[in-house]
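Protein chains get the first letters and strands the later ones, always in sequence-line order, with residue 1 at the start of each. When reading the values below, keep in mind they use all heavy atoms of this one structure, side chains included, and skip hydrogens, waters and symmetry mates.
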Amino acid sequence: MSALTKLKAEIAKAIKKLTGQDVEPKTLTLSSTRKEFEGDYTLLVFPLARYFGKSPEEVGKLIGEELKANSTIVDDYNTIKGFLNLSFAPEYWTDTLTAINTTEDFGKGSHKDKRVMVEFSSPNTNKPLHLGHIRNILLGWSVSKIMDAAGYEVITTQVVNDRGIAICKSMLAWEKWGNGITPENSGKKGDFLVGDFYVKFNTEFSKEYSDWQNSKEAEAVFSNQNEIPDKAEFFAEYKNDYFNEYSKLGSEARQMLLKWENKEPKTMELWKNMNTWVLNGFDQTYDKLGVRFTKSYFESETYILGRSIVEEGLEKGVFYKEKDGSIWVDLTDANMDKKIVLRSDGTSLYITQDIGTAELRYKDFNTEKMIYVVGDEQEYHFKVLFEIMKRLERPYANDMYHLSYGMVELPTGKMKSREGKVVDADDLINQMTLEAKANAEEKGVIDDSSDEERNEIYRKIGMAALKFFILKVNPKRRMIFNPEESVDLQGQTGPYIQNAYVRIKSIMRKAKGTYDFNDIRGYKDFNSHEKNLITTLSNYPNTIQQAAEEYEPSAIANYVYDLAKKYHKYYSEIRILGTEDKSARNFRLALSYSVAQILKSGMDLLGIEMPERM
RNA sequence: GGUCCCGUAGCUCAGCUGGAUAGAGCAACUGACUUCUAAUCAGUAGGUCACAGGUUCGAAUCCUGUCGGGAUCACCA
């Protein structure tokens with residue numbers, strides 16, 4: 001039991017003694033005292049005044065007096081209006097620090113008997129990963145780390161969309177214009193190579209389309225409109241219909257999809273090859289991002305799943321059949337629409353697959369809790385999915401969560417992969433490392449490291465800047481990313497936090513063998529920074545729990561920044577190694593050591609690595 | 001039109017279940033490296049918390065409405 005929980009119990013006891021009223025200790029609000037007032041922690045007495053029938057100020061005095069007399073933690077108190085400011089005994093600070101210092105994995109939550117699955121990334125195999133994926137991946141990875149720290153057992157998965165018309169477009173373009181190029185014979189990273197052909201298909205298709213617009217066929221289509229719209233506007237909107245009805249390339253792509261579905265050997269071979277190229281490329285990117293999946297699911301293998309569950313739902317009366325044979329679910333009573341779950345020709349839809357994969361994962365890993373990291377444009381889809389799973393009475397249905405995040409946009413607007421208007425993940429990662437390098441060389445700091453060590457440091461710094469930049473923001477916010485102005489390396493950033501850590505590491509190297517963390521209790525004359533830091537450190541476990549409950553990496557990011565900021569300030573004002581008094585010096589080193597540990601641990605929850613020097 | 005998300009300093013964002021005078025960073029300007037790593041620290045300036053009501057001892061926070069931005073409402077994924 002932490003000292004603060006103990007104190008709350010003592011306060012509840014005091015209230016009981018003074019009024020006979022039972023108060024749940026958890027309902028008491030105890031927060032650290034604002035710096036302009038005397039005291040360490042503040043109890044809000046407004047809500048308690050009604051038990052006493054006295055003014056908040058008087059109540060505060062009564063409770064304060066009682067605590068001062070009987071609490072081992074509280075040394076003194078003062079009241080201002082309805083605020084009871086409590087000052088703690090010196091032992092509170094040293095003992096709390098020692099507890100933090102000696103607890104292994106301080107902050108980690110108690111074991112929860114539940115497996116959580118976090119699904120994220122979920123790329124298509126027709127193009128490389130881009131900035132949008134980066135936000136998704138960083139969020140997913142961080143949430144999985146946070147859930148793990150909160151005490152869950154975590155399974156990470158991705159669902160790879162490796163089938164469908166988009167992939168066929170890349171395949172067709174490669175067949176037509178590829179001249180047998182491969183990653184091996186060209187030296188080009190596989191996902192980029194395939195992505196190039198996806199763009200190639202679309203530029204060729206656009207050419208074909210604009211040529212067609214001058215044809216008699218097009219003229220006929222246009223003049224057939226009931227209302228005569230603006231011609232340019234009409235053709236801009238008609239592109240998709242053209243693809244399906246008139247386009248030569250479109251029909252070739254659809255034929256390829258048909259061949260794929262019939263498992264035509266030559267097509268299968270091409271498909272397998274190109275997928276392997278892309279997936280190898282993805283693995284390299286995941287590696288650079290420091291992300292791993294317990295298991296990958298492939299839509300080519302899972303897209304048929306879900307049909308048997310639809311059958312089951314039909315029997316149970318959860319779904320119903322239309323005359324044309326299509327199967328639907330009616331969610332109007334839950335404030336949603338009717339939704340089709342199986343086509344009239346018996347083939348699956350997106351939702352059918354998701355029903356199937358949820359079930360498959362439950363069978364594979366017995367995951368009772370599932371978190372889907374997917375963009376906010378799919379909120380409705382997941383609302384529907386979760387409602388369906390509830391109606392199908394799946395054991396995991398009540399613990400499914402859509403971690404929805406806002407789109408990442410460029411200053412010029414939305415990214416469009418088919419036009420090649422994207423920020424590629426790999427480019428961005430490299431750019432960040434280069435920027436960290438340029439910045440460091442300008443400063444000329446890192447001393448006697450080898451080139452290899454230095455590059456490793458630059459990579460860590462660059463990645464920290466990128467990751468922190470993205471994770472510090474509430475996921476729900478849309479964000480505009482400007483690749484030119486790029487990500488800062490100073491201020492509220494990843495490197496700022498790394499820098500605090502590096503400073504401590506440097507101190508610890510210099511202090512080696514000259515201190516004893518067990519000898520700190522003699523120190524009593526704490527300054528406000530020291531109390532402040534210990535208070536912040538002891539909030540770490542709560543922060544983790546809260547971040548886990550709300551699926552919110554930004555809570556960790558803000559915490560870690562706050563801690564680093566407080567330490568930087570402390571560092572600039574107090575000379576730690578120069579401290580004369582032995583127990584004070586031990587205390588300060590112990591405090592610094594703990595700060596470093598928590599900074600490292602917290603950054604790890606964001607998927608950010610710490611360099612030992614920079 | 002229905003539903004959901006967002007709106008806080010010039011810009012990017014914090015602000016926990018309602019609590020004391022709304023906080024950081026960037027950009028601008030001033031200072032601080034012979035002293036544990038200056039990717040730092042200190043300071044100046046910058047606010048009608050979109051707007052209007054309501055709830056109460058007390059509202060950026062909760063409720064209602066309005067306005068602005070976005071998403072979504074396919075036998076696409």
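Nearest-nucleotide assignment on RNA chain B puts the 5′-proximal partner with A/Gln490, out of A/Asp337 and A/Gln490. Mapping A/Tyr570 and A/Asn240 onto RNA chain B via the closest heavy atom, the residue that lands nearer the 5' end is A/Tyr570.
At a threshold of 4.0 angstrom between heavy atoms, the contacts of A/Thr29 with the nucleic acid are absent. Among the protein residues, A/Val473 comes within range of the sugar-phosphate backbone only, with heavy atoms under 4.0 Å from sugar or phosphate atoms but none that close to a base. Across all strands, A/Asn542 comes closer than 4.0 Å to no nucleic acid atom at all (heavy-atom distances). As judged by a 4.0 angstrom heavy-atom cut-off over every strand, A/Ile340 is placed among the base-contacting residues. Residue-level contact check: A/Tyr571 touches the bases, meaning some heavy atom is under 4.0 Å from a base atom. The residue A/Arg503 sits close only to the backbone: its heavy atoms come under 4.0 Å of sugar-phosphate atoms, none of a base. Residue A/Gln378 is classed as a base contact, given a heavy-atom separation below 4.0 Å to a base. Residue A/Ile574 is classed as a base contact, given a heavy-atom separation below 4.0 Å to a base.
Side-chain rings of A/Tyr559 and A/Tyr540 approach one another, their centers coming within less than 6.0 Å. Aromatic rings from A/Phe469 and A/Phe481 are positioned such that their centres are separated by under 6.0 Å. Taking the six-membered ring for Trp and the full ring otherwise, the centers of A/Tyr303 and A/Phe298 sit at least 6.0 Å from each other. If you look at A/His529 and A/Tyr567, their ring centroids are not closer than 6.0 Å.
Put simply, A/Tyr567 has no side-chain N or O that comes within less than 4.0 Å of OP1 or OP2 on B/U40. The phosphate of B/G7 has OP1 or OP2 within less than 4.0 Å of a side-chain N or O from A/Arg477. In this structure, A/Lys569 reaches the B/A42 phosphate: one of its side-chain N or O atoms is under 4.0 Å from OP1 or OP2. Side-chain nitrogen and oxygen atoms of A/Arg478 include none within less than 4.0 Å of the OP1 or OP2 phosphate oxygen of B/G7.
Protein atom OH of A/Tyr559 is 18 Å distant from nucleotide atom C1' of B/G23, rounded to whole Å. Per the geometry, CD1 belonging to A/Ile480 stands 11 Å off P belonging to B/G70, to the nearest Å. Distance CD (A/Glu57) to P (B/C57): 18 Å, rounded to an integer number of Å. Note: NZ (A/Lys472) to P (B/G15) measures 13 Å, nearest angstrom.
The side chain of A/Thr33 sits closest to B/A20 out of B/A77, B/C26, B/A20. Checking B/C36, B/G25, B/A14 against every side-chain atom of A/Ile576, the shortest atom distance belongs to B/C36. Picking from B/U40, B/C75, B/U72 the nucleotide with the shortest atom distance to the side chain of A/Asn499 gives B/U40. When the nucleotides B/C75, B/C36, B/A14 are ranked by their closest atom to the side chain of A/Asn558, B/A14 comes out on top. For A/Glu377, the listed nucleotide lying nearest its side chain is B/U72; candidates were B/A14, B/U72, B/A24. Residue A/Ser572 places its side chain closer to B/C41 than to any other of B/A77, B/C36, B/C41. Among B/C76, B/A20, B/A39, the nucleotide with an atom closest to any side-chain atom of A/Arg343 is B/C76. Relative to the side chain of A/Lys476, the nucleotides B/C36, B/C5, B/C75 differ in distance, and B/C5 lies closest. Taking only side-chain atoms of A/Gln353, from C-beta outward, the nucleotide of B/A39, B/A77, B/U37 with the closest atom is B/A77. Closest to the A/His568 side chain, of the nucleotides B/U40, B/A71, B/A39, is B/U40.
Under a 4.0 Å N-O distance rule, the pair A/Glu58/A/Lys61 does not qualify as a salt bridge. Salt bridge A/Glu530/A/Arg588: present, at least one basic N to carboxylate O contact under 4.0 Å. A/Glu409 has a carboxylate O that lies under 4.0 Å from a charged side-chain N of A/Arg478, or vice versa, which qualifies the two as a salt bridge. Between A/Asp581 and A/Arg585 there is no salt bridge, since no side-chain N of the basic residue sits under 4.0 Å from a carboxylate O of the acidic one.
Residue ring and base: A/Tyr496 does not count as stacked with B/A39 (centre distance below 5.5 Å and interplanar angle below 30° not both satisfied).
Separation of the C1' atoms belonging to B/C62 and B/G18 is 7 Å when rounded to the nearest angstrom. Here, B/A24 and B/G15 have their C1' atoms 10 Å apart, quoted to the whole Å. Atom C1' of B/C63 sits at a distance of 13 Å from the matching atom of B/U56, rounded to the whole Å. Taking the P atoms as reference points, B/C13 lies 38 Å from B/C57, given to the whole Å. B/A38 and B/U34 are spaced 15 Å apart, taking the C1' atom of each and rounding to whole Å. Here the separation of B/U66 from B/C29, taken at their C1' atoms, is 41 Å to the nearest Å. Distance check on atom P: B/G47 versus B/U8 gives 15 Å, rounded to whole Å. B/C16 and B/G54 have their C1' atoms separated by 25 Å, given to the nearest Å.
Applying a 4.0 Å cut-off to non-hydrogen atoms, the residues of residues 505-514 of chain A that approach RNA chain B are A/Ser506, A/Ile507, A/Lys510, listed by residue number. A heavy-atom distance below 4.0 Å to RNA chain B is reached by these residues of residues 45-55 of chain A, ordered by number: A/Phe46.
Cation-pi geometry between A/Lys169 and A/Phe243 is satisfied (NZ or CZ under 6.0 Å from the ring centre, within 45° of the ring normal). Geometric assessment of A/Lys127 against the ring of A/Tyr198 yields a positive cation-pi assignment under the 6.0 Å and 45° thresholds.
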Encoded 5' to 3' (Watson-Crick or G-U under 3.5 Å; [ ] crossing; | other strand), RNA chain B becomes (((((((..((((.....[...)))).(((((.......))))).....(((((..]....))))))))))))....
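Judged by atom type and distance alone, A/Asn85 reaches the base of B/A20 through a side-chain donor-acceptor pair under 3.5 Å. Counting atom types as modelled, A/Ser554 pairs no side-chain N or O with a base atom of B/A14 as donor and acceptor under 3.5 Å.
Put simply, OG on A/Ser31 and CG on A/Leu44 are 6.0 Å apart, with the number rounded to the nearest 0.5 Å.
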Might you work through the ring pair (Phe, Tyr, Trp, His ring centres under 6.0 Å) test for A/His568 and A/Tyr496, ending with a clear yes or no?
CA-CA 9 Å; A/His568 273 307; A/Tyr496 175 95; 4.5 Å; yes
May I have the step-by-step check of salt bridge (Lys or Arg N to Asp or Glu O under 4.0 Å) for A/Glu609 and A/Lys600, ending in yes or no?
CA-CA 8 Å; A/Glu609 296 170 82; A/Lys600 186 171 188 170; over 6 Å; no
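Counting only N and O atoms by type, the side chains of A/Ser554 and A/Asn474 include no donor and acceptor under 3.5 Å apart.
Partner A/Tyr372 forms a ring pair (Phe, Tyr, Trp, His ring centres under 6.0 Å) with one of A/Tyr401, A/Phe120, A/Phe382 and no other, that one being A/Phe382.
Base orientation of B/C33: syn, since the glycosidic angle falls within 90° of 0.
A/Gln498 places a side-chain heavy atom less than 4.5 Å from the side chain of A/Met603.
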